[in-house]
Every structure is written in C-alpha cells, then in structure tokens.
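A quick note: this is a predicted structure, and the numbers were derived from the prediction, not measured. Both backbone and side-chain heavy atoms feed into the values below; hydrogens, waters and symmetry mates do not.
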Amino acid sequence: MRTLHTVIVTLTCQLALCSQIFPRVENSWSDASIKASEFVANLTLTEKIGIVSGGYLSPAPACVGSIGPISRLNFSGLCFSDGPSGYARSDGVSVFPSGITIAATWDRDLAYQRGVALGEEFRAKGSHVYLGPSTGAMGRHARGGRNWEGFGPDPYLAGVITNTSVLGVQSTGVQACTKHLAGNEQETQRTSTTDSNGTVTEAISSNIDDRTLHELYLWPFANAVKAGTSSIMCSYNRLNGNYTCANSDLLTTFLKDELAFPGYVTSDWYATHGTEDFANAGLDMEQPGNVSSLAGPSYFGGLLLDAINNGSVSEDRLNDMAERVMTPYFLLGQDQDFPSVDPSAGAVFLTYQYGQNSPLAAYYPAVEARDVRGDHASLIRKIGAAGTVLLKNVNNTLPLKNVSNIGIFGNGAGYPIDGSVFLDYGDHPEGFEYGTLDIGGGSGTVRHTNLVTPLQAVQSHVASIGGRTQVILNNDVLAEGLFKTIYPVPQACLVFLKAYATEGSDRSSIDLPWNSTAAVEKTAAMCSNTIVVIHGPGVVLMPWADNENVTAILSAHYPGEEIGNSLVDVLWGAAEPSGRLPYTIPRNLSDYGPDIVESPAEDSTWQADFNEGQLIDYRHFDADNVDPHFEFGFGLSYTSFEMVDGLQVNVNENVSALADESMGTQPGGLVDLWTLVAQAAVEITNTGTITGIAVPQLYISFPQDTTPAGTPVKVLRGFTKVALDAGETTTINFELTRRDLSFWDSDTKQWVIPQGEFVFMAGFSSRDIKSTIQTAMLS
C-alpha cells in the first residue's frame, strides 16, 4: 500500500515537477538522522563494525551483498541487489529497458514510472537496496562496455533521468544506490590485477581536471543527491592517481561537503584496497566484505576494528559511518513491515554460479520464487517503443500499411538459443550468435521469466491480419545472398541486427558483428523495401545507411522483455518511435573522440588522460567541426513539426554572478544553485496529418570572452516531450536554474554566472537549431 506521500510524489512527477518535490523528503532527513544516531548509540563497537562491513544474509546468498542482522535491536539487516535494469539472479522478475533506452525516451515521466516499477519488484523480493541507477560510465568512449547501463554522455540529460529514477525507486521505500562515482569510463584494467607471479598492477587512473569533473562527470550525481539518493557507490578505477573509494577530494570535499550528501558511500564489490585510508577518506561501507565463498580480500570487519583500537581511525568516524548507513533505513521506513528476502534467490544464484549439480544445492534447495512482476510488462512495452529512434524513413515506409508478405531476417530476431540469460563475463565479447538481445551482460543482466521475441511478435501480428512471413535467421546465409527459399520477394524485409556489450570487457569494435553489413547489403539487393532494426548498447556504425533500398532504420537499444511487442507497436503505428538519440552516431570510430586505453604507459602504470575536458560526444563534434552520421538529439517522427523562429528568454531580476550562500545548503548543495533564474519559451506546431510526439530541445552557448578555454560550443539545458494533434500549436517552456547557467571556477571553487551575452538556441537536435536569441544574464 502506498503512502499519501507516494501518491503526492507520483502526481507531482506526472506534471514533470519531480525535481521540485525533494523538500518533502529532505525535511525528514533530520528525523531519520536522529533515529539513526539513537540506534548507533545502542550498539557495541563490534556491532558498529558489522553495520559498515558487508557479509551475506541468511538465506545466503540470496543477496549480492548484505549487512548482517542485530536481533536484539530488531534489526533484520540490509539486502543489496543488482540493478540497474531489473532484479538480477532471480526468477519471477521483469527485464526492464536499459538505462540507455530510458535516456532515449527523453521522457521524465516514463523514467519515474520505470523507477517506481523497479522499486516495487525489489521491495517485493525483500531487497532494501537497489544497486542503481547508473550514470557512470557516461560514455566517453563509444566502445565502453557499460555504456548501456547509464543515461548517455550529456550531463544535463543524464542528470534529469538520474533524478527522476531515484525519486521513483525511493517512492516505494527502497534505497537507491547511484553509481559509479566517478570517471569509470572503461572496463579495460578498470580495477587492479595480479599476475601469476603475484605482481599487482593498479587500476587505470582517470586523470580529470577539476572543472571537467564538476561540469561533466559529477553533474548527474548532484541530481541524484538532490533527489535524495540513499547511497552512492564509488567505482573501481583510480581518479587522479588515487582509488575513488579512498579519494577524500571526491568523497568528502565534493560529495559530503559541497553537495551536503547525508547518506552513505559504499564501495563497488572488491573496490576497497585498504582500511585506514579508505575509511578516513569518506568510504562508509565495504562490500561484499568478509564473504568466504567468494574470492577477494576484505579490509573492514576485523581490520577496521584493529584500526579503531589503535587510533588510526577514530570512533567518531566509525559512528558517522554507521549513522550514515542507518539514516536512509529510517528515512524510507524500512524498519516497519519490510518484506523478508525471497529465499529462492539463493538457489538461483548458486545455479548461476555452479550449475544444477552444485554440491551446495542441498543447503539451498530450490523453492518457488515470488513472482513480483505485476503488470509491469505493459510499462516495459510502452518504454520500449518510446525509446526506439527512427533514423531513416524514406517516403513514409513506416508505419507499415497494406503489407501482408513480410520477411523476417537476421540472427537478432528469434529466442536466444543459449537460454534465458547469458552469463559469460567477457569470455564472448560479441555475445551469443543466435537470438534477440534486449539487455546487456555482466552484473546488470537479468534472467528472463518471460520474453516476447521480435520473431514471435511479428509472426503473430502478421497472422492476425491474414498475412504471411518468410524467415531466415542465419546471417551467414544472408551475407552470401542465399535467398532460394524466399518466394515471392516480401513486400517488406525486416533485418534484425544486434550488438552486445557487457561489464568486464569493452567492445572490440562499434561495427555490428555477425556479418551484419553483408547481410543488409545482400538483403537490400534482393528486397527494395529493406527495414533495418538494431538492438544494441548505443553507438554503432551503419555503413549501409545510405543504401537506397534501405528504406527505414530503427535503433531500439535494449528495450527489455517486451522487445517484440514494442517493435510491432512501432512498425504498424500503434505507437510512435518517439525516441531521440542520447548520443552521437559517427561515420567512423576515429570521428568519435578518445578511444579506450588498451595498454599501460611507459612506466607500466595505466593512465587515461582526459585531455579533451568536457568535449565528448556532440561537444567534440561541434568543437572540431566533425560531421556526424546522426547527431545527438536526432530522431524522426511519423508526422512533421515546425518551430517558430521566435524564441523568447526572460531573465529574473537582480541575478548575481555567485550563489547566495546565506540561503544555506541542502542535499544537492547550495540552495541558490537550484533557484530558477531564467525562462525560455518557443512555439511548435504539428504540421502533419496525424498526432505525433515532439522533443523540443534548448541549448545554450556561454559568453566566449568571460569563460575559460575548453568551454563547449553549446550544451543542452532543457528539453520536453509533448504530443500534439495534427495542426495543433503549443508553447514550450524551459526553466533554467543558476547551476544551468554557471561554470565551475576551479580557482575560487565556486559556480559562477559569467558576464556577457549568452546564446540561447531551440531546435529538434544538436544540429537542427530553429531559433536563436542572445541575452546577458547579469545586468
């Protein structure tokens, strides 16, 4: 049963005001902190250590990490579970659209609803902590193995989706753990490694300047703290030479001081490499801790107790750690009637790890899983369609009309022949060859309790309209042009391509694998109405995109278990492909910017110098005047829109260069940074013949003479998603905060609104600007 607060949250977020409801939650942080302080005051020293040191709950190992119970105080412990696209290592759960898919919707309300649905499933499974959302990796590299888990390389878009995701999850009483802080932009040498001789090679160091950190990589985490995230997960990599989980500049100065973060910092699993340095830098919890059944050392637990006893870590610091861990527990009411952990998860986890014949099976017998899916399939289906981007549509090929003979081609159409979940961590970088791909790999993958494939959904729909389908699922057969079984030539040929990405390894290429290019070209030579559907983690190359017989291209990302139904909705027009690209698609990998670091420096250390600063993705394409294949923010519609060249900007009176510190701080930082200081408005019209969905976007250029070198040509600072009937005109309003119009001054350590003329630009993508106006912010 939802509380009145949850109902208010839901209604408010449906009005796209999620970021403004946070004070309702923030006002209770102090009450929760008092309860946490009282709870910790009743703990023994050993119990305090237990609160901040991971260890499996019983029935182990139902949770990927946990904090043990303290029965004498009626504390049943904390269960941590992956995330971020569904409840991992379990049965009876939904496979939700990935982070990059929800980012492609550009839809605040759908992001919130997805967060609510995820929270509902985690709560019903008895998991206190959802290990998500993920907004790092952001996508500095096109080949990044975990880009699909996050919300893309633009900090504003990623920040908005992070904010609404946290609000959605926590509205259900489940803690959000926003990750990975920070600079975790590649999987290659992401953490330390030890060779056969025992030589340790440290993790790669992401070397990032202070301004770039604040304006790019840390920006979405500020949105997460503003939304009330319970926890932040520090990442595996080093940042400027120091492991992030032992980086006091990151964890204390930025997170806890600047952003006034009241929750706790947990390590990524085995991202802790010491005791005193990590605890004193601001790490509040180690995971998974002292778990003998898993490989890897632990540094809290007994070692932290020794550090307390010898004075290298103070008991005051330990109290702070424990209180931070317990505060969200009380904030979200997890001390009241929280469900027990679903014991089936332990058996499923062991099956994942060791197979059906594991000798441990006798200790964790299989039991029927709680089915927690509810009606979430309908939401997943809706998001899948909304996150599909229409990149090409010659002569209104889509939606399909009067087409009864359909070809279904490609190895991305059918059911995965390897089973309901793919568990190879980096061993097979291209994934499985045969079967559709609706989610990536690694700790963020989810087992399918149900999966509606494109093959199944298209065949079912075509049969329902009295048509026929012809099928070839072998890309090698397509690439050789062996169409002898096809007769007559289909009226429309759907070619399903896919690209796999996973935690643990970066992509070897951004080309589509499995002979995809030849498969498209040979199909297009046979079929003059070839429609390409891509399911992948983000950036892929499309060398065949200009082929005249390729009449339509859909980039559908990883849309979750309703992958087939979402696609049918789009193909036949029951839903519009209303997605827009949350990244840029280049013509060549070399056009995209910095690539993965794949070897150590001359001194044998691994170093990634972020010399490009903020100029990644479309910012790089703008700065270097590189022509993209499909730009950030791009996406076609089934109708057409016009934007009046009459952008208006109103600046609030008496705007100062610096935030008013007398207004104080709250989670998210200085209160005045979140004050609205300007509003922009523009008119758009649906000039087509059917109802359609537009995504108008607002970009700004900072004054050139008064901002430091390296400032992007333009940055996204507003967007909305709106449905318009044919012929309808509406006014789109964008609201801008002080932070939106400030740069980070690394010398003074302040956000500053610069003197001079800002350029405000409204349009339908980063390259499709329709209206521009100049104005100064400071009088």
All side chain to side chain contact (heavy atoms under 4.5 Å, CB included) counterparts of [X], not counting sequence neighbours:
| X | answer |
| --- | --- |
| Asn393 | Leu390, Asn396, Thr397, Leu398, Ala552, Leu636, Tyr638 |
| Thr212 | Ile208, Asp209, Leu216, Tyr217, Gln614 |
| Asn565 | Arg381, Val452, Ala457, Glu562 |
| Pro133 | Tyr130, Phe151, Thr162, Ser165, Val166, Ala176, Thr178 |

Which pairs pass ring pair (Phe, Tyr, Trp, His ring centres under 6.0 Å) with one or both residues in residues 672-695, sequence neighbours excluded?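 Qualifying pairs, neighbours excluded: none.
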So, [X] versus [Y]: side-chain donor-acceptor pair below 3.5 Å or not?
| X | Y | answer |
| --- | --- | --- |
| Lys392 | Thr551 | no |
| Arg739 | Asn223 | yes |
| Ser566 | Asp569 | no |
| Asn652 | Gln679 | yes |

Answer yes or no for Arg717 and Trp219: cation-pi contact, defined as NZ/CZ to six-membered ring centre under 6.0 Å and angle to ring axis within 45°. yes
What residues form a salt bridge (Lys or Arg N to Asp or Glu O under 4.0 Å) with Asp645, not counting sequence neighbours?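 Asp645 satisfies salt bridge (Lys or Arg N to Asp or Glu O under 4.0 Å) with no residue once adjacent residues are dropped.
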According to side-chain hydrogen bond (donor to acceptor under 3.5 Å, both in side chains), who are the partners of Ser206, at least two apart in sequence or on a separate chain? none
My understanding is that only residues two or more places apart in sequence, or in another chain, count here; which of them pass side-chain hydrogen bond (donor to acceptor under 3.5 Å, both in side chains) with Thr101?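 Thr101: side-chain hydrogen bond (donor to acceptor under 3.5 Å, both in side chains) contacts with Ser98.
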Determine whether [X] and [Y] make a side-chain contact, defined as any pair of heavy atoms from C-beta on separated by less than 4.5 Å.
| X | Y | value |
| --- | --- | --- |
| Leu571 | Leu567 | yes |
| Pro667 | Phe261 | no |
| Asp438 | His535 | no |
| Ile585 | Val540 | no |
| Leu497 | Val520 | yes |
| Val225 | Leu255 | yes |
| Arg587 | Pro628 | no |
| Leu736 | Phe760 | yes |

What distance separates [X] [atom1] from [Y] [atom2], expressed to the nearest 0.5 Å?
| X | Y | atom1 | atom2 | value |
| --- | --- | --- | --- | --- |
| Phe221 | Leu259 | CZ | CG | 11.0 Å |
| His629 | Asn588 | NE2 | CG | 10.0 Å |
| Leu181 | Leu218 | CG | CG | 6.0 Å |
| Ser766 | Arg580 | OG | CZ | 13.0 Å |
| Ile700 | Leu716 | CD1 | CG | 9.5 Å |
| Leu673 | Lys226 | CG | NZ | 9.5 Å |

If you take all heavy atoms of [X] and [Y], which pair is closest and at what distance?
| X | Y | value |
| --- | --- | --- |
| Leu400 | Val403 | CD2-CG2, 4.4 Å |
| Ser742 | Ile753 | OG-CG1, 3.3 Å |
| Gly688 | Ala726 | O-CB, 3.4 Å |

Listed partners of [X] passing ring-ring contact (aromatic ring centres under 6.0 Å, His included), at least two apart:
| X | answer |
| --- | --- |
| Phe630 | Phe634 |
| His214 | Phe254, Trp744 |
| Phe641 | none |
| Tyr583 | His557 |

Run the ring-centre check on Phe702 versus Phe758 and record whether the distance is less than 6.0 Å.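 For Phe702 and Phe758, the ring centres are under 6.0 Å apart.
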What I want to find out is whether [X] reaches [Y] closely enough, with some N-O distance under 4.0 Å, to be called a salt bridge.
| X | Y | answer |
| --- | --- | --- |
| Arg619 | Asp617 | no |
| Asp210 | Lys749 | yes |
| Asp622 | Arg767 | yes |

Lys382 atom NZ, over 12 foreign heavy atoms within 6.0 Å: no
Pick one: which of His141, Arg143, Arg140 meets side-chain hydrogen bond (donor to acceptor under 3.5 Å, both in side chains) with Asp595?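 It is Arg143; the other options fail the test.
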CA sep, side-chain torsions, deciding dist, call: Val695, Phe764, side-chain contact (heavy atoms from CB on, under 4.5 Å): CA-CA 6 Å; Val695 185; Phe764 294 117; over 6 Å; no
